Trainee: 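Following this message is one structure expressed as structure tokens.
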Amino acid sequence: MDSPIVNVGLRLSQVAQRMPQAMAVAEPAGRKADGSRRYRTVNFEQLEQDSNSIAAGLARMGVTRGTRLVLLVRPSVDFISLVFALFKAGVVTVLIDPGMGRKNLIRCLEESEPEGFVAISPVQAIRTVLRRRFPKSRYHVTVGRRWFWGGATLAQLRRTPTDDWTAARTSAHEPAAIIFTTGSTGPPKGVLYRHGNFDQQVDEIRDRYGIQPGEIDLPGFPLFGLFNAVMGVSTVIPDMDATKPAQVNPQHIIEHVRDWNVTQSFGSPALWNTAFIASSMMSNCQRYGECCRPAAGAAACAARIRRLMNPTAKFTRPTERPSRCPWPRSNRARCWKKRQLAAPRSAGTCVGRRFSQIEWRVIRISDEPLATIDQTESLLRGEIGELIVRPVVTSQYVTRVEANPLHKIQDGDTFWHRIGDVGYLDEQDRFWFCGRKAHRLLTADGPMYTIPCEAIFNQHNQIYRSALVGVGPAGSQRPVIVAEPWPNAAESVSDQQTLITELRELAQQYDHTRAITDFLLHPSLPVDIRHNAKIFREKLAVWAAEKLLHHVDGSA
């Protein structure tokens, strides 16, 4: 018996039949004479037809089901249309965030062993220069002007007739994409996504957040908006560099929100911090009596965002580090009092409840491979351990494959995925995040976890964010807090010494931070490029060790 056809690209076809004339994608296209935005738009019928023509063009080039192609195109109508074309063609799409830096990018490209590139002109030029590193690459499509490297252009593919073309009849278990991790806790790894993964994720996300056809989404990260089209949701591509969310122009975001009456958006705390708090429009925040809570990275004043967005907009907090407080410096003490009331103390960050089809457990932490579920020990409610989940999870890494035994646990015909997060489940079956497993400290007195400890120091009115790192060998690590003050705070040596004294006194007020006696100030903690939120604690640990070795008095 043949397996049922599962291809998320074909779900676009269903949406195009139901609502053909509804706007599918809008992207900025300059300005009108009066200064207002001009947009390029396509409806669902046009997106469907365009992606079909591109897929047919790929087939005419010789691209077959299972061919592995890299897609490196800027967020745009072209990007979304190409993604669906590749799905429909049965291609395994390699997606890599260019924000990870050129060195990591090229290494990831090489490890993915691509059979071709669908990319903008500068990428094709680099690929040509480095062609020996991609010996299998032979299918090349240039988005934009083609120079000396040959191959087809996107414009040519778009002219391909679709009369004798049919979409790939893929099944749930067939590979659909390879997407690379950020590498925030190790080298970036290529994660294999199957068509069944994507198909089920669409249903889970839609049902969990009650997403309805006709909504308008402003994706702060390109991949967040890919499934909008198959849910009948319109995508407004923001005018921003997706690799540098912290450098977004806040006025651009506000323009998009107002131009399209946006109902939903998802972005990193760095984006919302800049877009709403740094905006001059945030000056009215104070009169609403609101302040961002530090518990879960709420990166902007909720009252002000709701005022800017559609009244039906929904707000869900991410789990990244909290943003800067929106209050002016003169009112920051007042804000600190609010933060103290809301501070998570030793509880960690409440991520929330699981999706309906997800199973999860908290097991005793191990740094070793766990081949079968029999080798794990489930913990009681309230006990900190590592989180494992099933079944809507990816099955394997296809690069850095040595990581597979450390992340997959066999359980009969299924398997559990080890998330790499540590925390606990409460009596309401909510997960409380206490940090990454790789970031926990192993001291002589037992383990210490980053999020509960850092929350204590983040409540100080002069501290923007902090990081707990360990110095020394595992089992006898020395806990160190590296703190980043607010801009223009603690500028003099005297002020820095006073601040460190206050942090030491703060540490003594809580059992789980009392062992921390070393404090260092840092001008700007290193963070990941993709979200500008995940702190590179591994780098800070090396930096802290060097500072303590030279008997620094606590200033960077």
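All figures in this text were calculated on a predicted structure; none of them were measured in a lab. The analysis underlying the following values was restricted to heavy atoms, covering all of them including side chains, and did not include hydrogens, waters or symmetry mates.
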Trainee: Working to the nearest 0.5 angstrom, can you tell me the gap between Leu47 CG and Leu12 CG?
Mentor: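 So the gap between those two atoms works out to 5.0 Å.
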
Trainee: Are Pro161 and Arg60 side-chain neighbours, meaning at least one heavy-atom pair lies under 4.5 Å?
Mentor: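 Counting from C-beta outward, Pro161 and Arg60 do come under 4.5 Å.
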
Trainee: Taking only residues two or more places apart in sequence or in another chain, which ones pass salt bridge (Lys or Arg N to Asp or Glu O under 4.0 Å) with Arg390?
Mentor: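 In terms of salt bridge (Lys or Arg N to Asp or Glu O under 4.0 Å), with neighbours along the sequence ignored, Arg390 is linked to Glu359, Asp411.
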
Trainee: Any chance you could measure Gln156, atom CD, to Thr142, atom OG1, to the nearest 0.5 Å?
Mentor: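 Nearest 0.5 Å value for the CD-OG1 distance: 9.0 Å.
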
Trainee: Side chain of His417, backbone of Val393: donor and acceptor closer than 3.5 Å?
Mentor: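 No; judged by distance alone, with no hydrogens or angles, the pair does not exist.
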
Trainee: Distance check, rounded to the nearest 0.5 Å: Leu525 atom CG versus Arg537 atom CZ?
Mentor: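 If I round to the nearest 0.5 Å, the distance is 9.0 Å.
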
Trainee: Hey, are Thr263 and Glu215 close enough side-chain-wise for a donor-acceptor pair under 3.5 Å?
Mentor: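 Yes, Thr263 and Glu215 have a side-chain donor paired with an acceptor closer than 3.5 Å.
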
Trainee: Please answer whether the main-chain N or O of Arg194 pairs with a side-chain N or O of Asn197 as donor and acceptor at a distance below 3.5 Å.
Mentor: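 Flag set: sc Asn197 to bb Arg194 pair under 3.5 Å.
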
Trainee: With a 4.5 Å cut-off on side-chain heavy atoms, are Ser112 and Val94 touching?
Mentor: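 Yes. Closest side-chain heavy atoms under 4.5 Å.
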
Trainee: Is there a side chain to side chain contact (heavy atoms under 4.5 Å, CB included) between Gln396 and Phe415 once you walk through the steps?
Mentor: CA-CA 11 Å; Gln396 66 186 97; Phe415 64 90; over 6 Å; no

Trainee: Please check this pair: side chain of Ser76 against backbone of Arg74, looking for a donor-acceptor N/O pair closer than 3.5 Å.
Mentor: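 The answer is yes, because a donor-acceptor pair under 3.5 Å joins these two groups.
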
Trainee: May I ask you to decide if Trp165's main-chain N or O and Thr162's side chain share a donor-acceptor pair within less than 3.5 Å?
Mentor: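 No.
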
Trainee: Arg132: which residues meet the side chain to side chain contact (heavy atoms under 4.5 Å, CB included) condition with it, sequence neighbours left out?
Mentor: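 Arg132: no side chain to side chain contact (heavy atoms under 4.5 Å, CB included) contacts found.
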
Trainee: By the salt bridge (charged side-chain N to carboxylate O under 4.0 Å, His left out) test, which pairs, at least two apart or in different chains, include something from residues 159-178?
Mentor: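 Every pair satisfying salt bridge (charged side-chain N to carboxylate O under 4.0 Å, His left out) with a residue in residues 159-178: Arg65-Glu174.
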
Trainee: Compare all side-chain heavy atoms of Ser81 with those of Ile54 and state whether any distance is below 4.5 angstrom.
Mentor: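 Side chain of Ser81 against side chain of Ile54, heavy atoms only: contact under 4.5 Å found.
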
Trainee: Can you name the nearest heavy-atom pair linking Val15 to Val230, along with the distance?
Mentor: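 Heavy atoms of Val15 and Val230 come nearest at CG2-O, 3.6 Å.
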
Trainee: Does one side chain, of Arg127 or Gln124, offer a donor that lies under 3.5 Å from an acceptor on the other?
Mentor: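 Their side chains do contain a donor-acceptor pair, which is all the 3.5 Å distance test asks for.
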
Trainee: Mind checking side chain to side chain contact (heavy atoms under 4.5 Å, CB included) for Arg208 and listing every partner two or more places apart, or none if nothing turns up?
Mentor: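 Arg353, Phe355.
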
Trainee: For the atom pair CG (Leu71) and CG (Leu86), what is the distance rounded to the nearest 0.5 Å?
Mentor: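 Answer rounded to 0.5 Å: 6.0 Å.
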
Trainee: Within the supplied structure, the quantity of interest is the number of heavy atoms (other residues, nucleotides, ligands) at a distance under 6.0 Å from Arg38 CZ; does it exceed 12?
Mentor: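 For Arg38, atom CZ is crowded (more than 12 foreign heavy atoms under 6.0 Å).
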
Trainee: Lys136: which residues meet the salt bridge (Lys or Arg N to Asp or Glu O under 4.0 Å) condition with it, sequence neighbours left out?
Mentor: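 For Lys136, the residues satisfying salt bridge (Lys or Arg N to Asp or Glu O under 4.0 Å) (neighbours in sequence not counted) are Glu113.
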
Trainee: Using the side chain to side chain contact (heavy atoms under 4.5 Å, CB included) rule, take Leu130 and Leu109 through it: C-alpha gap first, then chi angles, then the decisive distance, then the call.
Mentor: CA-CA 11 Å; Leu130 302 177; Leu109 288 172; over 6 Å; no

Trainee: Got Glu110 and Phe134 here, is their nearest side-chain heavy-atom distance under 4.5 Å?
Mentor: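 Yes; the side chains approach each other to less than 4.5 Å.
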
Trainee: Taking ring pair (Phe, Tyr, Trp, His ring centres under 6.0 Å) as the definition, give me every residue that meets it alongside Tyr397, ordered by chain and number, with sequence neighbours left out.
Mentor: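 Residues passing ring pair (Phe, Tyr, Trp, His ring centres under 6.0 Å) with Tyr397: His407.
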
Trainee: Applying salt bridge (Lys or Arg N to Asp or Glu O under 4.0 Å), name anything that partners Arg158, two or more places apart in sequence or on another chain.
Mentor: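 Per chain and number, Arg158 pairs via salt bridge (Lys or Arg N to Asp or Glu O under 4.0 Å) with Asp50, Asp78.
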
Trainee: Could you check if a side-chain atom of Met231 sits within less than 4.5 angstrom of a side-chain atom of Asp217, using non-hydrogen atoms only?
Mentor: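 No, too far: nothing below the 4.5 Å cut-off.
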
Trainee: Would you say the side chains of Asn7 and Thr170 form a donor-acceptor pair under 3.5 Å?
Mentor: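 Yes.
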
Trainee: Over all heavy atoms of both residues, which pair between Leu540 and Pro526 is shortest? Give the atoms and the distance, please.
Mentor: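 Looking at all heavy atoms of both residues, the closest pair is CD2-CD, 3.6 Å.
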
Trainee: Here's a test for you: under side chain to side chain contact (heavy atoms under 4.5 Å, CB included), which of Thr450, Val422, Ile451 qualifies with Phe433?
Mentor: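 Output: one option passes, namely Ile451.
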
Trainee: Write down the atom of Lys189, the atom of Ala403, and the distance for their closest heavy-atom approach.
Mentor: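 Here Lys189 and Ala403 meet closest at CD-CB, 3.6 Å.
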
Trainee: Enter the distance from Phe227:CZ to Ile211:CD1 here, rounded to the nearest 0.5 Å.
Mentor: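 The distance works out to 11.5 Å.
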
Trainee: Distance check, rounded to the nearest 0.5 Å: Leu69 atom CG versus Thr93 atom OG1?
Mentor: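 Reported to 0.5 Å precision, the distance equals 7.0 Å.
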
Trainee: Tell me, which pairs form a ring pair (Phe, Tyr, Trp, His ring centres under 6.0 Å) where one or both residues lie in residues 138-161, sequence neighbours left out?
Mentor: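 Sorted result for residues 138-161: Trp147-Trp149.
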
Trainee: On a heavy-atom basis, which atom in Phe117 and which in Ser137 lie closest, and how many Å separate them?
Mentor: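 Where Phe117 meets Ser137 most closely, the heavy atoms are CD1-OG, 3.4 Å.
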
Trainee: Partners of Phe87 by ring pair (Phe, Tyr, Trp, His ring centres under 6.0 Å), sequence neighbours excluded?
Mentor: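 For Phe87, the residues satisfying ring pair (Phe, Tyr, Trp, His ring centres under 6.0 Å) (neighbours in sequence not counted) are Phe198.
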
Trainee: State which residues pass side chain to side chain contact (heavy atoms under 4.5 Å, CB included) with Gln17; sequence neighbours excluded, sorted by chain then number.
Mentor: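 For Gln17 there are no side chain to side chain contact (heavy atoms under 4.5 Å, CB included) partners, ignoring immediate neighbours.
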
Trainee: What heavy-atom pair brings Ser234 and Asn228 nearest, and what distance separates the two atoms?
Mentor: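 Looking at all heavy atoms of both residues, the closest pair is O-ND2, 4.5 Å.
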
Trainee: Tell me whether Lys88 is salt-bridged to Glu48, with the criterion being a basic N under 4.0 Å from an acidic carboxylate O.
Mentor: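 Salt bridge flag = yes for Glu48 with Lys88.
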
Trainee: Can you check side-chain hydrogen bond (donor to acceptor under 3.5 Å, both in side chains) on Asn104 and Arg107, steps first, answer last?
Mentor: CA-CA 5 Å; Asn104 277 337; Arg107 183 172 66 243; 2.3 Å; yes

Trainee: Does the side chain of Ile216 come within less than 4.5 Å of Val262's, by heavy atoms?
Mentor: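 They are in side-chain contact.
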
Trainee: Are the side chains of Phe79 and Val143 in touch, meaning some heavy atoms are under 4.5 Å apart?
Mentor: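 When only atoms from C-beta onward are counted, Val143 and Phe79 do not touch, as no gap falls below 4.5 Å.
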
Trainee: Any side-chain heavy atom of Met240 within less than 4.5 Å of one from His252?
Mentor: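 Met240 vs His252: side chains apart.
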
Trainee: What pairs with Val6 under side chain to side chain contact (heavy atoms under 4.5 Å, CB included), at least two apart in sequence or on another chain?
Mentor: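 If we apply the side chain to side chain contact (heavy atoms under 4.5 Å, CB included) test to Val6, skipping adjacent residues, the hits are Ala172, His195, Asp199.
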
Trainee: Mind listing the closest non-hydrogen atom pair of Gly190 and Thr399 along with its distance?
Mentor: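 The answer is N-OG1, 2.7 Å.
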
Trainee: Look at the side chain of Arg131 and the backbone N and O of Thr128, then say whether any donor-acceptor pair between them is shorter than 3.5 Å.
Mentor: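 Yes.
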
Trainee: For side chain to side chain contact (heavy atoms under 4.5 Å, CB included), just list the numbers for Asp367 and Lys437, CA-CA rounded to whole Å, side-chain angles, deciding distance to a tenth of an Å, and then say yes or no.
Mentor: CA-CA 9 Å; Asp367 293 312; Lys437 181 174 72 172; 4.0 Å; yes

Trainee: Where do Thr67 and Met61 land on the side chain to side chain contact (heavy atoms under 4.5 Å, CB included) test, with the steps shown first?
Mentor: CA-CA 12 Å; Thr67 301; Met61 286 176 59; over 6 Å; no

Trainee: Name all residues meeting the salt bridge (Lys or Arg N to Asp or Glu O under 4.0 Å) criterion together with Glu255; count only those two or more places apart in sequence or in a different chain, and write none if there are none.
Mentor: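 With sequence neighbours excluded, Glu255 shows a salt bridge (Lys or Arg N to Asp or Glu O under 4.0 Å) to Arg31, Arg37, given in chain and number order.
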
Trainee: Output yes when a side-chain donor or acceptor of Glu484 lies under 3.5 Å from a complementary backbone atom of His522, and no otherwise.
Mentor: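 Here the side-chain-to-backbone pair does not exist.
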
Trainee: Please determine if Arg436 and Asp421 form a salt bridge, counting it only when a charged side-chain N lies under 4.0 Å from a carboxylate O.
Mentor: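 Salt bridge present between Arg436 and Asp421.
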
